[in-house]
Amino acid sequence: MITQTLHPIAQIVLYREGKFLVTKRKVEHDDDPQWDGYWQIPTGTINFGEDIKTAISREAREELGIDVELERTLAVTDKVDEEKGWHGVFIAFLCKQTDLTQPITINHEAYEYAWLTYDQISQLKVIPSTMDTIRFVYTNARMYELGALAVIENEGKYLMTKIFAPHNQQAHGKW
């Protein structure tokens, strides 16, 4: 009998100046070898009883050697592997590095890291859940800059609202 397990997984999305921080995955002995050498967003399991901010901070320190701050939740997706009895729930968080002088130091879980644009990433071998998240962030980046809190899509159409921000003339009156 296969044991069924649910894994909440935090994706740490670092995006600045049009580039994403991605790592080239190094598969460990207990990991899925099919993803060795694929690019991904830094990720990690949220441990039982651990709050989300603590999990994100811990994973950023472990995998990248840096301190980050949670800015917003971006998306929730999931993947089920029935053969292995594994169900991963991926929660993508937009984060920012709190001290830009901290050097990024990857751990044993990655071969290398890079700051890459959407177009550069789309030319690489990328884990599908990572590409989904990167595409979502890239497509909606302008909304994050303006402070949009939700994207509502139905049958390929998006709900749009006009911005009311008289204190910010660049944004005021825009869709």
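FYI, the numbering just counts along the sequence from 1.
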Does one hydrophobic cluster hold both Ile12 and Ile106, with members joined at side-chain heavy-atom distances below 4.5 Å? yes
Note: Val126 and Ile121 closest approach over all heavy atoms is CG2-O, 3.4 Å
Report the distance from atom NZ of Lys79 to atom CG of Asp132, rounding to the nearest 0.5 Å. 12.0 Å
Any side-chain to backbone donor/acceptor pair from Asn47 onto Glu50? Under 3.5 Å, distance only. no
Here the gap from Trp35 atom CH2 to Ile127 atom CD1, rounded to the nearest 0.5 Å, amounts to 6.0 Å
Could you grab the distance from atom OG1 of Thr43 to atom CZ of Phe93, nearest 0.5 Å is fine? 12.0 Å
Would the distance check show the side chain of Ser57 and the main-chain N or O of Thr54 forming a donor-acceptor pair, the cut-off being under 3.5 Å? no
When rounded to the nearest 0.5 Å, the distance separating CD1 of Ile134 from CH2 of Trp39 is 10.5 Å
Using a 3.5 Å distance criterion without hydrogens, assess whether the side chain of Gln97 forms a donor-acceptor pair with backbone atoms of Gln102. yes
Would you check if the side chain of Asn107 reaches a backbone N or O of Glu62 as a donor-acceptor pair within less than 3.5 Å? yes
Is the ring pair His7/Trp86 parallel, tilted or perpendicular, if the boundaries are 30 and 60 degrees? parallel
Within this structure, what is the CG-OG1 distance for the pair Leu124 and Thr130, rounded to the nearest 0.5 Å? 11.5 Å
